[in-house]
Amino acid sequence: MGLACGQVRFVLYGRERNGTGLWTGKICGMGERGMGLACGQDPELVRNICRWVREAVKIPFFAKLTPNVTKITDIAKAAHEGHADGVTATNTVSGLMGLKGNGAAWPSIGKEKRTTYGGVSGNAIRPIALRAVTAVAKAIPGFPILATGGIDSAEAGLQFLQGGASVLQVCSAIQNQDFTLIDDYITGLKTLLYLNSIDELHDWDGQSPPTIKTSTRKTCT
Ligand SMILES: Cc1cc2nc3c(=O)[nH]c(=O)nc-3n(C[C@H](O)[C@H](O)[C@H](O)COP(=O)(O)O)c2cc1C
């Protein structure tokens, strides 16, 4: 395991002292052997890390989930059992950017043109993130979800709210443009909610209207 209990405590105490109100720790990112990704794929490690965090700080914390697992609801349940305040769904999806016609990788580094697997983000991963959010909302009703993955418009954000998320996070779209798009999304969301005759969100926890219904012939886990 790449992260010791003591290190988790150290980082968190720093955050709490600095007055950061919410910690969204990712138990998922780094792909190196034994690092974040490996931790985030093991329910027992996720449960234990969340328990350490819960013991260490009073501020709310969300465990950020990797989508690179077979059953994301098992990982979310482990975070819930470890007393996380919620989960962030999801981090980037493992991918290989591309190979040219001659087999050379793109992007590639150095004379040997080496490449590596990396995290895919942006609207390409929205269906994966949406599936994760709806599955977690269905599996653990009432457990707060911070949705992220391909939110690049108000309409995309609304999809996640309707799928069971309470909060939205935007990353790639901001990197592609700038922070002003948040104002656009807020205006867009207000407009969409108005058009849908939902006047205000103050008592809506994101779990209602209920999450999507799936075909009775298919299991949705
Ligand atoms: C360049 C880049 C750096 C990122 N760094 C972090 C990070 O340090 N911590 C983290 O939790 N997520 C990190 N992420 C993941 C994003 O927070 C987000 O979960 C993911 O990109 C999906 O959202 P998006 O499609 O809006 O980008 C990073 C993503 C990108 C593209």
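Both backbone and side-chain heavy atoms feed into the values below; hydrogens, waters and symmetry mates do not. First listed ligand is number 1; within each ligand, the first listed atom is number 1. Everything numeric in this text was worked out from a predicted model, so none of it was measured. Throughout, residue positions are numbered sequentially from 1 according to the sequence presented.
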**Prompt:** Out of curiosity, Ile151 CD1 to Leu181 CG, how far, rounded to the nearest 0.5 Å?
**Reply:** 11.5 Å
**Request:** Determine whether the side chain, the backbone, both or neither of Lys64 has a heavy atom under 4.0 Å from any heavy atom of ligand 1.
**Result:** side chain
**Prompt:** Side chains of Lys77 and Phe143: does their closest heavy-atom pair fall under 4.5 Å?
**Reply:** no
**Prompt:** Which ligand 1 atoms does Gly149 reach within 4.0 Å, using its non-hydrogen atoms?
**Reply:** 22 (C), 23 (O), 25 (O)
**Asked** Between Val170 and ligand 1, does any nitrogen or oxygen pair lie at a separation below 3.5 Å?
**Response** no
**Message:** Let me confirm one number: the CD-NE2 distance from Glu55 to His83, rounded to the nearest 0.5 Å.
**Reply:** 9.5 Å
**Item:** Sub-4.0 Å atoms of ligand 1 with respect to non-hydrogen atoms of Gly122
**Value:** 24 (P), 25 (O), 27 (O)
**Prompt:** For ligand 1, is there an atom lying under 4.0 Å from some heavy atom of Gln175?
**Reply:** yes
**Fill in**
Nearest heavy atom to atom 21 (O) of ligand 1, choosing from Ala129, Ala173, Ser121, belongs to Ser121
**Complete:** If we number the atoms of ligand 1 from 1 as shown, the ones under 4.0 Å from a heavy atom of Thr148 are 18 (C), 19 (O), 22 (C), 23 (O)
**Prompt:** Any idea which atoms of ligand 1 are less than 4.0 Å away from a heavy-atom of Gly150?
**Reply:** 24 (P), 25 (O), 26 (O)
**Request:** Decide whether the shortest distance between a heavy atom of Ile174 and an atom of ligand 1 is less than 4.0 Å.
**Result:** no
**Message:** Minimum heavy-atom separation for Thr191 and Thr187, please, with both atom names.
**Reply:** OG1-O, 2.8 Å
**Asked** When clusters are formed by joining ILVMFWY residues with side-chain heavy atoms under 4.5 Å apart, either directly or through shared neighbours, do Ile128 and Val170 land in the same one?
**Response** no
**Prompt:** Among Val93, Thr90, Asp152, Asn91, which one has a heavy atom closest to atom 15 (C) of ligand 1?
**Reply:** Asn91
**Item:** Ligand-residue contact atoms, ligand 1 with Thr92, heavy atoms, under 4.0 Å
**Value:** 20 (C), 21 (O)
**Asked** To the nearest 0.5 Å, what is the distance between CG (Leu146) and OG (Ser166)?
**Response** 8.5 Å
**Message:** Under 3.5 Å between any N/O of Gln169 and any N/O of ligand 1: does that happen in this structure?
**Reply:** yes
**Item:** Residue pair Leu158 / Leu193, side-chain heavy-atom distance below 4.5 Å
**Value:** yes
**Message:** Looking at every heavy atom in both Asn123 and Pro127, which two are closest together, and how far apart are they?
**Reply:** O-CD, 3.9 Å
